[in-house]
Each structure stands twice: as structure tokens, then as C-alpha cells.
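Note sheet for the following structure.
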Amino acid sequence: MKYLTDRQAIWLVLLRLVIGWHFLYEGLVKVIDGNWSARAYLFDSQGPFSALFHSIASNDRILSVTDFLNEWGLLLIGLSLILGILSRWASYAGMLMLLFYYLSHPPFPGITYSMPAEGNYFIIDKVAIEFFALGVLSLFPTEQIAGLARFFRGKDQNHE
Amino acid sequence: MNEERKSKGSGGKKISRRDALKGLATVPVAGAVAYGAIRKSHYEHKINRLISDELGMSPAEADYILPPPGSREIRIGIIGFGIRGKQLAQSLGFVHPSLIDDWRAAAAADENDTRYSDFMAQQALNVRITAVCDIFDTYGEMARVAAGNLNREGTGARIADMPRRYLDYRDLIASPDVDAVIVATPDHWHGPMTIEAARAGKHVYCEKPLTWTVEETYQVRKAVRESGIVFQLGHQGRQTASYIKAREALQKNMLGKVTLVEVTTNRNDPNGAWVYPIHESASPDTIDWKQFIGQAPWHDFSLERFFRWRCWWDYSTGLSGDLLTHEYDAINQIMQLGIPHSAMSTGGIYYFNDGRTVPDVLTTVFEFPDRNMSLLYSATLASQMSRGKRIMGHDGYMEIGDTITIFPDAMSTRYAERIAEKVIEPGKPVYSYFPGKKSVDAVSSATERYFAERGLLYTYLGGRRIDTTHLHIREWLEAIRNGTQPGCDIDQGFQEAMTAHMGTLSYKHHKKVFWDGENEKIIV
């Protein structure tokens with residue numbers, strides 16, 4: 001990490017923390033709720049992949065697995081990014097989840113959703129931006145700068 | 001981190017205090033997020049407890065009975081196979097093969113068009129259509145084919161056992177292979193047909209409104225009561241899950257003293273204004289015009305009047321009987337209002353000036369002095385601004401559609417303490433109900449509300465939405481099998497018809513009309 005200036009490092013850590021914050025809060029709210037389900041969101045899916053998402057929503061067993069993976073996936077990815085442990089893997093997992101969110105609700109011209117967007121988007125929306133930000137984090141790991149990974153430095157040095 | 005872990009640091013070197021701080025630096029951030037989530041959950045928990053414990057709203061969904069296996073087959077005769085008659089047959093499980101073709105093509109073109117799969121999934125009711133009657137030859141023949149389409153197939157269907165088509169409804173009613181009759185004719189025929197069927201001991205499902213004239217209303221009630229048949233009036237809204245929940249909310253007094261209820265009709269297209277298409281094969285040769293006229297004043301043959309009969313008082317009950325009745329019946333179901341003390345209507349033909357005699361804009365105010373409240377109905381057929389149903393109480397108000405949402409009133413007495421504690425916030429729903437959602441839940445996110453309004457949250461039976469007309473007919477059939485009375489029985493129908501007639505009479509006479517409850521008479 002010597003090639004990063006202090007300021008670069010601080011901003012990268014902050015980026016990791018805010019994305020982790022977002023994931024962890026979404027995950028916690030869903031886990032605590034207990035009744036949360038992605039069902040309606042999936043039914044709202046449109047665009048070229050909507051058939052896949054609709055079929056997930058209409059199959060109770062697949063849906064319950066999807067709900068579980070969503071709730072705990074968000075929570076654990078968020079925790080990992082904030083605490084700075086296995087954060088590269090968390091970045092990959094987060095990107096995978098964001099990819100699914102993006103494909104289920106692509107911001108393509110002519111498609112409107114139940115939830116009105118709070119801004120105007122053409123192909124790139126905030127999900128896509130978060131996806132690319134996680135891509136950056138996966139290539140510039142900062143958990144050795146600030147994170148629990150510092151305690152495991154001996155075991156896992158491959159990403160330095 | 002314990003000492004052991006620390007000593008395992010890089011290269012076996014001890015981790016310095018500085019290193020440890022950097023390692024743990026971000027832990028408080030996770031704590032902050034958790035604190036936020038727990039606070040949110042704590043608030044929601046408090047308000048949800050208020051709803052379920054203090055107000056006592058149950059998480060229960062409406063139950064829908066499944067017919068017991070081995071139930072007896074009911075033989076049905078359908079009178080009228082126009083727009084509504086076709087829909088009712090569909091709710092029974094019978095459609096013309098061409099409709100199956102249309103639905104399949106629509107589903108192939110648009111995966112969101114689920115009419116075909118919904119119909120195929122619709123529960124079989126163990127009924128047969130054994131007789132049909134329509135005075136328009138084309139519809140009469142279509143009805144026979146639909147009734148014989150037992151396997152719900154498209155073109156090329158094996159049509160077996162096509163029922164007999166009767167040219168006169170009296171012969172259909174008299175037929176020994178008919179146990180029960182569905183009346184889906186113009187309004188001026190509802191009364192006479194129901195009376196005839198009741199006298200013949202045939203169970204009746206009659207489209208709304210119950211009657212065309214005030215006088216018939218007494219006769220129909222008398223005939224149904226004396227015969228002991230099972231009668232259901234066609235207000236399928238009775239099966240709407242949100243109305244059933246709204247009734248519970250009122251019984252739990254969530255709104256406090258209710259003084260005003262507002263219901264509306266908002267349509268804005270020719271079809272909604274009853275300007276229906278005229279069938280190409282219709283002519284004096286294919287329509288029994290004399291039978292159509294019945295007790296209505298004579299008029300020469302008119303295709304407009306035949307297909308668009310709702311536009312003329314000669315056959316119709318106008319907005320009051322056609323659409324107000326749905327709204328009134330919903331509120332009567334929720335609040336058990338009964339017949340109002342008075343009615344005052346105004347309105348006119350303001351947009352569809354096409355020769356019709358019934359108004360296309362109507363406002364009626366019904367007074368219920370015993371309940372200290374008014375019911376306001378306002379309708380236009382030339383604007384689709386959706387206004388829904390609103391029940392206004394001192395402690396809160398409720399918006400009812402397919403969902404219900406209850407908002408606390410900022411000046412509420414009942415919730416004053418809770419508002420002061422900030423458990424309840426005026427302007428934010430204190431309770432929301434979406435069919436299919438199992439939990440008692442006050443706090444619905446904006447997202448959920450959007451989804452619910454789009455109908456994306458509904459699950460009634462086995463995860464799919466079910467046509468309320470199907471449920472309403474099913475309730476009638478189960479009542480026939482069990483010897484009970486369904487929800488929209490003749491007494492509810494009597495209240496509905498008298499209320500609608502009061503609205504119409506006030507409009508026609510330009511004056512307030514009254515209900516004399518003791519003598520059961522409308523005073524104009």
C-alpha cells in the first residue's frame with residue numbers, strides 16, 4: 001500500500017465504509033423486520049431479464065432462499081466492508097448482488113417502475129455506480145490500512 | 001482481540017497499540033449502523049404493538065372456503081349472455097373457445113398478460129350450464145358453445161353436451177334440469193326474472209341493481225323470502241379482502257366517531273360511459289325486440305338502445321343503480337348503514353350528449369341522522385381522477401381501495417397521548433393493509449405502498465389473485481349446497497335498491513326525498 005498517499009488511502013477507506021454502511025443497514029432492516037420479502041420487488045422487474053425474476057418471485061421455495069441470501073448477504077457484505085476483513089471477497093459478492101439488482105430493474109429508456117426514481121437515469125443509475133465503486137475497492141484493498149485484516153496479516157498477504 | 005491473536009501478527013512481531021487502533025478503527029462505524037437499524041426497529045415495534053395490542057387488529061386474512069370433495073353438481077341456467085353474462089360464465093369456468101385463442105395470443109405477445117393462466121388455474125366449481133337464454137341469436141349460440149367448452153379449450157375444442165337455448169326466459173326457469181338461475185340482463189328485467197325464478201323454486205344470482213322500480217323491490221323481496229331460495233345480489237365487492245379488513249378496523253373503533261363518508265366513480269372513456277360496440281350481426285331478424293322491451297315503454301327497434309341500454313331510463317337505473325350501488329354496498333358492508341333517512345341528488349348530461357336520458361355527472365348526498373353522518377357520492381364519466389373511498393372520523397381517516405390505509409387525525413382525542421409521545425405521527429399512516437401480507441403492520445414503506453397500489457403484493461389463494469366475481473358466485477353456490485344465505489342476500493339487496501331509487505327519484509324530481517322506515521316507503 002506504499003504507493004498510495006495518505007489522502008488517497010483515507011478516501012478509499014471512506015468509500016469502503018460508506019458502501020459498507022449502505023449494505024449493512026439494508027441488511028439489518030430486512031433481518032430485523034422478519035417479514036421482509038423481495039417478492040413485490042421481483043414482480044416489478046422489467047426489461048430483458050424480467051422473466052427470470054418473475055419466475056423467482058412466483059416460486060415460494062426459490063423465493064425464500066432468495067430472501068435469505070439477500071438479507072444475510074447484504075448484512076455480511078456490509079459488515080465485512082466496514083470491519084475490513086475479507087473485504088475483497090465482500091466486494092465481489094456485493095458486485096454480484098448489485099448486478100442482479102441492476103438486471104432486474106435496468107434503467108433503460110421507456111421502462112417505468114412502480115417506485116418512481118428520485119432522479120433521471122439513462123443506462124447508468126446509482127446501482128451501477130455502486131457496482132463500479134466496489135470494482136475499484138476490489139482492486140485497491142484498504143483493509144490492511146484500517147481494518148481487522150491487520151490482525152491476520154501473516155496469513156493473507158496476497159493482496160498487497 | 002486477545003493476546004494470542006495479537007502475538008500472531010505479521011512475522012510473529014507483536015502488534016503495536018497503533019496497529020491495533022488501525023485494525024479496530026472502523027468497528028464503531030458498524031456500531032453506528034446497528035444503532036440506526038435498532039432505533040428504526042424499536043419505533044416500528046412500538047407502533048405495531050399499538051396496532052395489534054391496543055387497537056386489537058388481527059393479522060388474520062379472510063378465509064376462502066374450498067368446496068368439499070364430492071359436493072353435488074349444480075345445474076345452472078344463464079339468462080343474458082352480453083358483456084356481464086360472459087364474465088359470469090367465465091367466473092363459473094366456461095368461456096367461448098375464441099376467447100381462449102385471444103388470451104393465448106395475448107399471453108404470447110406479453111408475458112405479463114396472465115388472463116389465460118389465471119383462467120386455467122381458476123378452481124372448478126362443480127357446476128354445469130344446462131340452459132341458456134339470450135334474445136340475440138349470436139349471443140345465444142355463443143352461450144351454448146361456451147357452456148359446452150368443458151375443458152377450457154381454444155378453437156377445435158371438443159364441445160360436448162351443448163345446452164338447450166331457450167328463446168323465452170320463462171321456459172328456461174321452468175326447465176326441470178335447471179337448479180339455479182343467473183340473471184345478467186338489462187336492469188328492467190332483474191325484478192320480473194328473479195320473481196319468476198323464486199316462484200319456481202330456483203336459486204338466483206342476480207346482477208345489480210336488484211330492481212328497476214321501487215314497486216318491484218317489495219315484490220322481489222316477498223317472492224324470495226316466501227320461496228326460501230338462496231339469493232345473491234351481484235356485488236362482488238363483498239369478496240374484496242380490504243373491505244373485510246376495513247370493517248374490522250371500524251369495529252375496533254380505529255377512526256373514532258365517523259361523520260362523513262365519501263365515495264366516487266371516476267371514468268373517462270366511451271366504454272365506461274356505456275357506449276358499447278354494436279355487434280355486426282345484430283338486426284331486427286336476430287333480436288327478439290319485443291321481449292327486450294318487456295315492461296319498458298314501447299320504442300321502435302334501435303340497435304343503440306339494445307346494446308347501450310344503460311344510457312336510457314327506459315331500461316336502466318343510470319349512475320345511481322349502476323355504479324353508486326357498488327359504492328353504497330361496499331360502505332353498507334363495512335358500516336351496516338341500512339337505508340338512508342334522505343337523499344338529495346344533482347347532476348346532468350354534461351359530456352356524453354349522445355341522446356341518452358341518464359346523467360353522466362351525478363352527486364348524491366345521503367343522510368343518516370341516526371348515525372350522525374352523511375354519505376356523499378359523486379360521479380363523473382368524463383374524468384378518471386381517482387378519488388377512492390374515504391371514511392372520515394374524529395380520530396382518523398381511512399382510504400379504501402384494494403388496500404386500506406388509516407391516517408391518524410392531528411386533533412384526535414383517542415391518539416392525543418400517543419401523538420404527544422411521537423409514537424403516532426399525524427400524516428403518517430397508523431395502519432396499512434395489503435391483502436396477502438400476513439403480519440399486522442402499521443409501518444409500510446413507500447415502496448410497499450407503491451407495489452400494493454400496482455397490485456403486486458396480492459396473494460389470495462395459492463399465491464395468486466382471484467377474481468372477486470368468481471369468489472362471489474362461489475359463495476352463492478356454497479350457500480346453495482349448505483342451505484345457508486350468502487353475504488349479499490335479499491335484505492342487503494333491498495337496502496341497496498331502495499337507496500339507489502332514492503338517489504334516482506331525487507335527481508328526477510329535483511328535490512330531497514325521504515325514507516319512511518316504519519312504513520318502508522320512499523316519500524317524494
Side-chain angles (χ1 to χ4, degrees), chain A residues 13-14 16-18 20-37 39-46 50-51 54-55 57-60 63 75 78-85 87 113-116 142-155 157 160, chain B residues 1-2 5-6 8-13 15-16 18-38 40-42 44-45 48 59 111-112 114 117 434 436-441 443 445-459 462-464:
Chain A
V13 169
L14 285 176
R16 199 189 84 209
L17 288 176
V18 295
W21 182 295
H22 183 209
F23 272 75
L24 179 60
Y25 190 71
E26 283 283 12
L28 275 174
V29 164
K30 291 172 172 63
V31 169
I32 293 173
D33 181 307
N35 278 310
W36 177 85
S37 172
R39 191 168 169 272
Y41 177 81
L42 293 168
F43 269 130
D44 194 36
S45 171
Q46 289 186 58
S50 59
H54 292 164
S55 70
S58 38
N59 183 317
D60 284 349
L63 179 66
L75 192 149
L79 210 54
S80 162
L81 289 173
I82 290 178
L83 297 181
I85 182 120
S87 62
Y113 297 99
S114 296
M115 261 307 266
T142 58
E143 59 184 30
Q144 295 294 342
I145 299 169
L148 294 183
R150 285 181 79 93
F151 299 110
F152 302 93
R153 209 178 286 179
K155 281 184 193 166
Q157 283 190 320
E160 287 211 33
Chain B
M1 284 295 129
N2 57 33
R5 278 266 167 90
K6 276 187 184 174
K8 270 189 180 174
S10 81
K13 272 188 273 173
I15 284 179
S16 67
R18 192 181 146 83
D19 266 351
L21 279 176
K22 282 186 175 174
L24 298 170
T26 58
V27 174
V29 177
V33 177
Y35 173 74
I38 288 164
K40 176 177 157 71
S41 141
H42 186 66
E44 290 175 6
H45 188 68
N48 284 339
E111 53 141 326
N112 292 322
T114 58
S117 55
F434 310 131
K437 199 174 160 181
K438 295 269 156 40
S439 58
V440 176
D441 206 346
V443 189
S445 64
T447 334
E448 266 181 320
R449 217 167 306 139
Y450 278 111
F451 290 146
E453 279 159 14
R454 275 260 196 119
L456 293 169
L457 275 177
Y458 299 75
T459 98
R464 64 174 65 235

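Just so you know, these numbers come straight off a predicted model, no measurement behind them. A note on names: the letters A, B, ... follow the listed sequences, proteins ahead of strands, and every chain is numbered from 1.
Ranked by heavy-atom pairs under 4.5 Å with chain A, the list B:Ile38, B:Asp19, B:Val27, B:Leu21 is led by B:Asp19. Counting heavy-atom pairs under 4.5 Å between each of A:Ala51, A:Gly147, A:Ala146 and chain B puts A:Gly147 at the top. Highest contact tally toward chain B, considering only A:Leu81, A:Leu83, A:Val13, is held by A:Leu83 [criterion: heavy-atom pairs under 4.5 Å].
If you take CD1 on A:Ile145 and NZ on B:Lys22, they are separated by 8.5 Å, rounding to the nearest 0.5 Å.
Residues that satisfy the side-chain hydrogen bond (donor to acceptor under 3.5 Å, both in side chains) test with A:Ser50, not counting sequence neighbours, are B:Glu111. In terms of the side chain to side chain contact (heavy atoms under 4.5 Å, CB included) criterion, residue partners of A:Lys30 (sequence neighbours excluded) are, by chain and number, A:Glu26, A:Trp36, A:Glu71, A:Leu74.
Remark: the backbone N or O of B:Thr114 is paired with a side-chain donor or acceptor of B:Ser117 at under 3.5 angstrom.
Both the backbone and the side chain of A:Leu24 come within contact range of chain B, with heavy atoms under 4.5 Å apart.
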